[in-house]
Structures are given as structure tokens and as C-alpha cells.
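Notes follow the structure.
Numbers restart at 1 for each chain; the letters A, B, ... are given by sequence-line order, proteins then strands.
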Amino acid sequence: MKLLFIHADRLSFEARKPALRSAPPLAPEEAKGEANEALVVFYSVEAGDVPDLPLVVDRTLAEVENVLGQVKAERVVLYPYAHLSQNLAPPNEAQKAGELLKAGAPARLKVPIVSAPFGYYKAFELKAKGHPLAELSRSVVGVASAGAAPGVSLVNKPSKGAPGSAPPAKAPPMQESEALTREKKLVSQWFVLTPEAKLVPVTEYDFTKDPEFGAFYRYETQGTRQAGEEPPHVRLMRELELVDYEPASDAGNFRWYPKGQLIKRLLQEQCSEVIRRAGGMRVETPIMYDYEHPALKRYLDRFPARQYVLRSEDKDYFLRFAACFGQYMIFHDMVMGRKDLPARLYELTHYSFRREQTGELSGLRRLRTFTMPDMHTLVADYAQAKHEFLEQFQLCQRWMADLGVPYNAAVRFVRGFYDENPDFVQALAKANGRPMLVEMWEDRFFYFVTKMEFHPLDTQGRAAALSTVQIDVENGERFGIQYTDSDGKRKHPLILHASIPGAIERNLYAILENEAKKMAKGQKGAFPFWLSPVQVRVLPVSDPFVEPCLKLASEIESRTGARVDVDDRDEGIGRKIRDAEREWVPLILVYGEKEAGGAKLQVRVRDGPALSLSAPELFEEVGRRQGDKPRAPLGLPTRLNLRPIFRG
RNA sequence: GCCGCCAUAGCUCAGUCGGUAGAGCGGCUGAUUUGUAAUCAGCAGGUCGGGAGUUCGAUCCUCCCUGGCGGCUCCA
């Protein structure tokens with residue numbers, strides 16, 4: 001059986017005249033038909049199907065069911081279409097198959113079924129949707145003709161450009177990998193893993209105890225139902241002069257103003273420091289790679305991402321979507337023994353590139369160009385992999401705490417790995433300390449056997465992965481990475497993939513969305529102190545105090561390393577306070593005659609009551625808030641009066 | 001990538017039933033020297049996102065493009 005699926009906005013057909021002498025006569029209502037929001041299934045019954053007709057029909061319905069589950073069409077049209085095969089079954093057999101399909105479809109598919117008549121020349125009009133699943137073809141065979149691998153096989157990738165739709169896109173080569181299509185067929189089961197390592201099917205879990213967790217589960221499995229608005233972080237990122245769109249670039253490529261760039265840099269430095277302390281060896285690898293490199297070609301087929309393509313002379317390169325490949329190439333050439341493992345390579349990839357579909361891009365949540373701290377850890381065996389995984393899991397937990405953003409944890413398992421490693425599952429459940437969403441795959445479709453993610457929920461109940469750690473069982477061998485074990489034999493290591501923070505830009509998205517949630521509840525938005533672009537602002541009450549304020553600012557700066565500025569504009573104090581609050585400055589000092597005369601400093605504290613502090617007490621307070629986090633200068637004029645505005 | 005909506009001053013937006021435009025904020029100048037969320041006045045800012053079409057005439061109507069948002073799809 002050959003199948004062609006079209007997810008259609010609209011289909012109408014009309015039988016014109018019989019194509020076969022055996023064609024059954026048609027009632028007028030059978031001759032014409034139309035359907036909106038339909039999954040149109042064109043089918044050709046083939047000679048090889050005849051011995052196993054019921055089985056082939058059953059498998060066909062399974063395929064239709066599978067595709068229907070993914071595209072969520074409202075009805076199915078069964079459309080006999082002989083032109084899909086060179087090797088057709090005899091018409092009477094094909095007709096029989098059609099009857100069987102029609103008979104079995106309603107119960108199996110649970111949506112209205114429309115059937116086009118068999119054995120007639122038909123005129124039809126079709127408007128196909130353009131999403132990647134809208135057009136698929138499949139081939140289904142029975143036992144007799146299947147040989148060693150019976151069942152369903154995927155024949156080709158979704159095609160671009162359909163009858164009646166726009167002309168084919170200028171698709172760069174390999175835009176859609178085999179892994180992408182593969183992923184679309186993936187079926188999984190969902191559970192909750194309790195801190196006591198009990199695995200509860202989601203259908204039996206009481207999500208009412210934890211609404212955030214329930215919202216996360218619903219989002220992961222069903223997507224959001226809420227009427228969406230522009231995500232609030234977009235307004236905030238612009239109002240706070242952090243990040244903005246850049247219309248002169250491609251979609252999903254942003255400009256970063258000084259304050260935003262500072263936050264980004266601090267996140268990067270903190271991440272790199274965390275990883276350095278954890279033993280990561282920092283490297284740098286190229287951002288573009290040769291499509292034709294043999295190792296790479298195979299790898300691309302396993303990685304579900306769309307790439308930017310760069311044409312140079314007569315060669316095509318793609319821009320990296322992660323640091324994996326570059327680090328594998330380094331690992332490949334390294335000389336390692338058992339004692340050298342775990343071996344960790346780390347790169348802060350600014351940038352990684354993924355040509356996400358335009359409709360998927362949304363503010364800082366999903367970009368086409370992003371900064372991804374990427375660490376790969378070679379380990380000798382599963383014992384080491386599990387130990388290292390748990391260590392990195394804890395690094396992720398600490399990262400999220402530093403960010404101050406709540407999250408939900410998800411972990412994905414291949415069934416075999418889950419069953420064979422109860423110790424690991426238990427340790428992970430305990431380390432997480434809260435219920436954790438589990439996706440269980442019966443078979444391994446990807447390169448990893450397990451993978452964890454931390455997902456903050458945004459204002460609209462959408463989840464986005466930040467931290468992630470994975471155990472890769474495939475690429476050590478694929479890339480010929482080897483170490484010499486203590487028995488003198490050369491072996492392929494397992495590889496852990498980790499991004500402790502996830503994409504840096506997405507961290508800012510998570511912070512801003514979380515603050516927007518707070519603001520909606522009437523609380524003040526704020527950055528963690530270490531990420532505040534301006535940490536302390538000094539407000540002179542009037543002109544004569546500008547000089548002493550500048551002096552105080554530079555003293556705070558030299559004593560604490562904090563970023564301090566002075567609002568020396570010709571404005572009233574009320575206005576200066578208002579502006580400082582609107583910029584989320586955590587500590588605001590008003591400085592006038594009293595302070596100049598030696599009185600204690602009046603400190604307006606964003607997240608608490610005002611303080612009255614001496615200068616040394618202030619230094620201590622600032623130092624306490626800063627902790628051991630990275631410091632960096634603001635990189636803007638200290639005096640607000642001399643500071644340009646990047647966005648009105 | 002598909003469907004829908006949107007694009008007017010640096011920003012947020014109003015407006016023109018088709019006759020080339022306004023406000024607030026911000027900026028500049030001047031006055032003001034201020035004690036915990038907006039000091040006052042004056043001035044300067046616009047090919048009404050880009051291209052094509054219809055029209056005597058298009059910011060307004062139509063089509064295409066670009067960018068944004070929402071939904072779908074997607075999301076190691």
C-alpha cells in the first residue's frame with residue numbers, strides 16, 4: 001500500500017466518469033464531496049498487498065491514526081489514487097481493500113470519515129497546509145512481501161511545495177534531517193517520578209497539589225490553550241534597554257544594548273567559572289563546517305535541527321547548531337587513558353545557529369542565533385556516567401538558584417536504561433527532591449539513553465528548557481573517540497552533553513518572564529543583585545552635591561567592585577527616584593546637605609525596607625549582596641547626564 | 001513553513017468616510033537648585049515599513065515583499 005498524506009485546509013472532489021468497467025454505479029451524493037480541516041489520505045493498493053489484505057489495511061489504519069494524532073485534523077478523507085504505485089493490485093482487490101479501509105476507519109480513527117469513490121476519474125481541488133507534517137508519504141506492506149523487516153517504513157521526507165500551494169521554498173540542502181522526520185513518529189509515555197522514586201502514570205497522578213507542575217505537564221504533552229498575547233519579556237527587554245530587534249538582520253537575531261550585553265556577559269562568566277571549578281577544559285571550535293565531511297554527514301542525520309547554510313565559492317558550509325561536532329573532533333585526536341576520564345571539554349558558543357521556523361521565534365525565548373555554553377564529558381562506563389550526571393544535575397540546580405527563577409524538572413528515559421539502573425533513578429529522584437515529569441521511550445530514537453531538563457514556566461504557561469544534561473551512547477563510536485582502558489584495550493567512551501544554564505539569551509527570557517509574573521501580582525520587578533546593570537545609584541539633591549556624589553560613587557566602586565552611577569541631571573529628587581525605580585536599581589542613595597554633613601546614608605532598598613547606613617556599613621551590605629558572583633564594570637558614563645538613550 | 005492580526009515622530013499611540021498628519025513621553029534650549037515615584041515654558045522631530053497597482057490624487061483601497069505578534073506545526 002502506498003500512502004500520501006496531505007493535511008488540507010480544504011478538499012473538494014467530483015467523480016466525472018468511470019475509469020474502470022467494473023466501477024460501481026454511484027448515487028449522486030457519493031459522486032461529490034468536500035471536507036475542511038481534513039487529513040487527506042491518497043492510497044494505492046499494490047500487487048504485493050493482496051495476500052495480506054486485512055493486515056495491510058490494519059497497518060494502514062495504524063499509520064493514518066499515527067499521522068492524525070500528530071496533525072490533529074478534524075476529519076479524514078480516504079481517497080483512492082492509483083498514481084502512487086507502478087505495481088497496482090487488480091482492481092477488484094483494490095476495491096476490496098478500499099471497502100475494508102472504509103469499514104475499519106470510523107472505529108479506529110474516531111473522526112468523521114469521507115470517502116472518495118473508487119474506479120472513477122475525479123476532479124479535485126485541494127488546499128494543503130504548509131507545516132512540516134502537512135505532507136507525508138508512507139509505504140505499508142504485509143508479511144509476505146516484507147522480508148526481514150516487516151511493518152511500516154518511512155519512504156521519504158516531507159516534501160516542500162504541494163499541488164495548489166506556493167512554489168517550493170528555496171530550501172537549503174539538508175534543511176530537514178532524518179532525525180527530524182524520525183522524531184515525528186516518536187511515541188512516548190508520561191509518568192511522574194516522586195522524590196521516593198515511585199513512577200506514577202500521569203493519569204493516576206494528582207496534579208492539583210502543585211498547579212505549576214500540572215501546568216508544566218499539560219504544556220509538555222498538549223501545548224498551551226491560553227489565548228496568547230505578546231510575551232511580557234519583550235516589552236521589558238526593550239524598556240530596560242537590554243535587547244531589541246534588529247530588522248536589518250534575519251529574524252531571531254537581536255541587538256544587545258550595553259546593559260543587556262552586561263547581563264549576558266555576567267551570565268557567561270558565571271557559567272564558565274562554575275564549569276572551570278567542575279573541571280571543564282575550555283576550548284574554542286569553528287562556527288562553520290563542511291557539509292561533505294563524512295563524519296559530519298552521518299551526524300547531521302541524527303540531529304533534529306535546521307541549519308543556516310553558507311555558500312563560499314562553490315562549497316556549502318553550515319553554521320554550527322551546537323559545539324558537539326567541534327568537540328568530538330578534538331576528542332578524536334586526544335590521547336587518553338582510563339585515568340584521564342572523566343574528561344570535560346567546555347565551550348561558550350557565541351554563537352550557535354538554528355534556522356528555526358519563523359513562526360516558532362518569539363522574543364528571547366527562541367532565537368536563530370544564540371549563546372550556548374556547551375560541555376561534553378567523556379566517561380569510561382555507565383557507573384562513571386551516572387555519577388557525573390548527578391554531579392552535573394546539582395550544578396544545574398545551583399545555577400537555577402543563582403538565577404532566582406522557579407522551574408520544573410523533566411527527565412526522559414529509554415525504557416531499557418530506566419529498568420537497568422534503579423540506583424540511578426533513585427538518586428536522581430532524591431536529588432531533585434520534588435516530583436519530576438518523566439517521558440519514557442520504548443526504543444532509543446536519539447543518541448541518548450537519558451536526558452534531564454529544567455523548565456521555567458512563563459507568564460502564559462509555556463515551558464522552555466534551560467539546563468540540560470544527557471548521556472550519549474552513540475557518538476563516541478561514531479566519531480572514533482577512544483581511550484585506553486586499564487586492561488590495555490582501546491574503548492569508546494560514553495559522552496555526557498551538558499548545558500548547565502541552557503542558552504544564555506533564554507536565561508534572560510526566564511528572568512524577565514518571572515519578574516513579569518511578579519509585577520502582575522503587584523510586586524516589584526528586579527534582577528538578582530549580581531545581574532543588575534546598575535547596582536547602586538547615588539542621587540544628588542541638587543547641583544552642589546554632584547561632586548561629593550561622584551566621590552562617594554567612586555569610593556563604593558573601589559571598595560566593593562559594584563556598578564555605581566550618579567544621577568546628575570537637572571531634575572527634582574522625585575523624578576530621579578522614579579527613574580531609578582523604573583530601571584530596577586536595587587540600592588538608591590539620596591545625598592544632600594545632611595549626608596554631606598556626616599549623617600548616615602539613606603538607602604532605598606528595592607526588595608525591602610529603607611536602611612540608614614554609614615559608609616562602611618554600606619560597603620558591607622553591597623559586598624554581602626554581591627557574594628562570590630562575577631563583577632564587571634557598567635561600561636556607560638557614570639553621570640546620567642552624559643549617558644545617551646538607546647531607546648525612547 | 002501555514003492561517004490570522006499588526007506596522008504613523010526616538011518611544012507609546014490617535015487620525016485622515018482617498019486631498020501628504022496630531023498628542024503624551026523622550027530630545028534640545030531657557031528658567032528652576034529641588035529631600036524619597038513625573039518642575040515649568042519654548043523649539044525641533046514624519047517619503048505614515050518597502051515596492052507595485054487602481055485613481056486627477058494613496059498614509060488610507062488592492063497585490064507582493066520585509067519585520068513583529070498570536071495560533072498551528074515545531075521546540076536534545
Side-chain angles (χ1 to χ4, degrees), chain A residues 7-9 37 70-73 127-135 158 160-162 165-166 168-169 171 175-176 179-180 183-184 219-220 223-231 234-235 238-239 241 244-252 302-306 321-322 324 354-363 365-366 372 374 412 445-448 451-453 455 460 462-465 468-470 472 497-499 502 506 539-546 570-582 588-595 602-604 610 644-648:
Chain A
H7 189 191
D9 289 317
E37 293 301 317
Q70 295 178 49
V71 301
K72 299 179 184 75
K127 185 162 188 336
K129 292 183 184 293
H131 63 76
L133 282 174
E135 301 149 44
K160 305 271 167 188
S165 76
Q175 207 191 16
E176 187 142 332
L180 268 183
E183 185 167 23
K184 288 164 185 165
Y219 181 76
E220 278 295 284
T224 172
R225 286 272 171 83
Q226 283 190 30
E229 294 154 12
E230 178 178 85
V234 172
R235 185 177 52 80
R238 304 175 76 192
E239 265 177 23
E241 290 194 306
D244 214 334
Y245 297 108
E246 177 48 74
S249 181
D250 187 26
R302 292 290 276 154
F303 195 95
R306 296 172 175 82
F321 39 82
C324 303
R354 297 185 193 180
R355 232 195 61 101
E356 310 286 9
Q357 298 179 85
T358 49
E360 294 165 8
L361 301 170
S362 162
R365 181 166 189 263
R366 207 101 170 267
M372 181 66 100
D374 207 350
R412 332 250 165 192
F445 285 89
F446 304 112
Y447 53 78
F448 51 83
K451 169 190 167 200
M452 60 71 58
E453 295 140 23
H455 294 252
Q460 293 160 47
R462 279 189 291 231
T468 182
V469 185
Q470 308 155 14
D472 171 356
H497 297 234
S499 188
R506 192 176 272 190
L539 310 184
V541 166
S542 62
D543 267 357
F545 302 105
V546 169
D570 179 15
E571 297 288 353
I573 197 70
R575 175 55 181 269
K576 291 180 185 182
I577 285 167
R578 178 179 158 85
D579 287 347
E581 294 284 2
R582 279 157 58 105
I588 302 167
L589 276 63
V590 177
Y591 190 102
E593 208 170 334
K594 291 181 242 167
E595 289 74 15
Q602 297 308 306
V603 185
R604 212 181 145 102
I645 287 161
F646 287 87
R647 187 186 172 282

So which atom in A:Gly363 and which in A:Val234 form the shortest heavy-atom distance, rounded to 0.1 Å? CA-CG2, 3.8 Å

Rounded to whole Å, please give me the gap between CG in A:Asp244 and P in B:rA7. 18 Å

State whether the distance check finds a donor on one side and an acceptor on the other, under 3.5 Å, for side chain A:Arg238 versus base B:rC11. no

Measure the distance from CD1 on A:Ile645 to C1' on B:rA9 and round it to the nearest whole Å. 15 Å

Side-chain contact check for A:Thr358: nearest option of B:rC69, B:rG1, B:rG27 is B:rG1

In whole angstrom, what separates A:Arg366's CZ from B:rU73's C1'? 11 Å

Whole angstrom is fine here: how far is it from CG in A:Leu539 over to P in B:rU39? 13 Å

For a quick check of understanding: with a heavy-atom distance under 4.0 Å over all strands, which category does A:Glu37 fall into, base, sugar-phosphate or nothing? nothing

Where the side chain of A:Lys594 is defined as all heavy atoms beyond and including C-beta, which of B:rA37, B:rU73, B:rG35 is the nearest nucleotide? B:rG35

Just call it for A:Ile577: base, sugar-phosphate, or nothing, with non-hydrogen atoms closer than 4.0 Å on any strand. base

Does B:rC74 pair with anything, Watson-Crick or G-U wobble, both distances under 3.5 Å, and if so, with which nucleotide? none

Distance, C1' atom - from B:rU16 to B:rA23, rounded to whole angstrom: 15 Å

Please tell me which of the listed nucleotides, B:rU34, B:rG67, B:rG70, lies nearest to the side chain of A:Asp250? B:rG67

With the side chain defined as heavy atoms from C-beta on, A:Asp570 is closest, among B:rA31, B:rG70, B:rC74, to B:rA31

Euclidean distance for C1', B:rC48 against B:rA41 (whole angstrom): 30 Å

What's A:Lys576 touching, base or sugar-phosphate or nothing? Going by heavy atoms closer than 4.0 Å. nothing

In Watson-Crick or G-U wobble terms, both distances under 3.5 Å, what is the partner of B:rU39? B:rA31

Please determine, for B:rC63, whether a Watson-Crick or G-U wobble partner exists with both distances under 3.5 Å, and give it or none. B:rG51

Between the CZ atom in A:Arg355 and the CZ atom in A:Phe321, the distance rounded to the nearest 0.5 Å is 14.5 Å

In whole angstroms, the gap separating P of B:rA37 from CG of A:Asp579 amounts to 12 Å

Nearest of B:rU12, B:rU73, B:rU33 to any side-chain atom of A:Ser542? B:rU33

Indicate, with a heavy-atom threshold strictly under 4.0 Å, whether A:Ala251 touches base, sugar-phosphate, or nothing. sugar-phosphate

In whole Å, what is the span from the CD1 atom of A:Ile573 to the P atom of B:rU36? 8 Å

Over how many whole Å does the gap from A:Gln357 atom CD to B:rG68 atom C1' extend? 17 Å

A:His455 ring center within less than 6.0 Å of A:Tyr219 ring center: no

Re B:rC5: Watson-Crick or G-U wobble partner, both distances kept under 3.5 Å, found to be B:rG68

Work out how far the P atom of B:rC69 is from that of B:rU32, and round it to whole angstrom. 48 Å

Looking at the base of B:rA37, is there any donor atom on it, or on the side chain of A:Arg604, that sits under 3.5 Å from an acceptor on the other one? yes

Are A:Arg575 and B:rG26 close enough that a side-chain N or O sits under 4.0 Å from OP1 or OP2? yes

Sugar-phosphate only, base, or nothing, as touched by A:Gly574 at under 4.0 Å among non-hydrogen atoms: sugar-phosphate

Heavy atoms only, 4.0 Å cut-off, all strands: where does A:Asp472 land among base, sugar-phosphate and nothing? nothing

Want to settle it: does A:Asp543 or A:Arg578 sit nearer the 5' end of RNA chain B, counting the closest nucleotide to each? A:Asp543

A:Glu239 atom CD is separated from B:rG26 atom P, nearest whole Å, by 14 Å

Checking one value: the base orientation of B:rG68, syn if chi is within 90 degrees of 0, otherwise anti. anti

Gap separating the CZ atom of A:Arg354 from the CE atom of A:Met372, nearest 0.5 angstrom: 5.0 Å

Between atom CZ of A:Arg238 and atom CG of A:Asp244, what is the distance when rounded to the nearest 0.5 Å? 4.5 Å

Using atom P of each nucleotide, how far apart are B:rC72 and B:rG53 to the nearest Å? 39 Å

Looking only at the side chain of A:Val541 (C-beta and beyond, no hydrogens), which of the listed nucleotides B:rG26, B:rC69, B:rU34 gets closest? B:rU34

A:Tyr245 vs A:Gln470, nearer the 5' end of RNA chain B by closest nucleotide: A:Tyr245

Please state whether the phosphate of B:rG70, meaning OP1 or OP2, lies under 4.0 angstrom from any side-chain nitrogen or oxygen of A:Arg462. yes

Test for a donor-acceptor pair under 3.5 Å between the base of B:rG1 and the side chain of A:Glu356, counting only N and O atoms. no

When rounded to the nearest Å, what value does the distance between P atoms of B:rG57 and B:rA52 take? 15 Å

Taking atom P in both B:rA38 and B:rC74, what distance in whole Å separates the two? 50 Å

With a 4.0 Å cut-off on heavy atoms, is A:Glu571 in touch with a base, just the backbone sugar-phosphate, or nothing at all? base

Calculate, to the nearest 0.5 Å, the distance between atoms CZ and CD belonging to A:Arg366 and A:Glu360 respectively. 4.5 Å

The side chain of A:Gln460 is closest to which nucleotide in this list: B:rA37, B:rG70, B:rU34? B:rG70

For B:rC56, what is the paired nucleotide under Watson-Crick or G-U wobble rules, both distances under 3.5 Å? B:rG19

With rounding to whole Å, what would you report as the distance between B:rC40 and B:rG22 at their C1' atoms? 23 Å

A:Tyr591 and A:Gln602: side chain donor to acceptor below 3.5 Å: no

Which nucleotide in B:rC69, B:rU36, B:rC74 has an atom nearest any side-chain atom of A:Glu230: B:rC69

Any chance you could measure A:Ser542, atom OG, to A:Glu593, atom CD, to the nearest 0.5 Å? 8.5 Å

Do A:Arg506 side-chain atoms and A:Arg365 backbone N/O form a donor-acceptor pair below 3.5 Å? yes

What distance, rounded to whole Å, do you find between the two C1' atoms, one in B:rU55 and one in B:rG10? 35 Å

Counting only Watson-Crick or G-U wobble pairs whose two distances fall under 3.5 Å, which nucleotide matches B:rG26? none

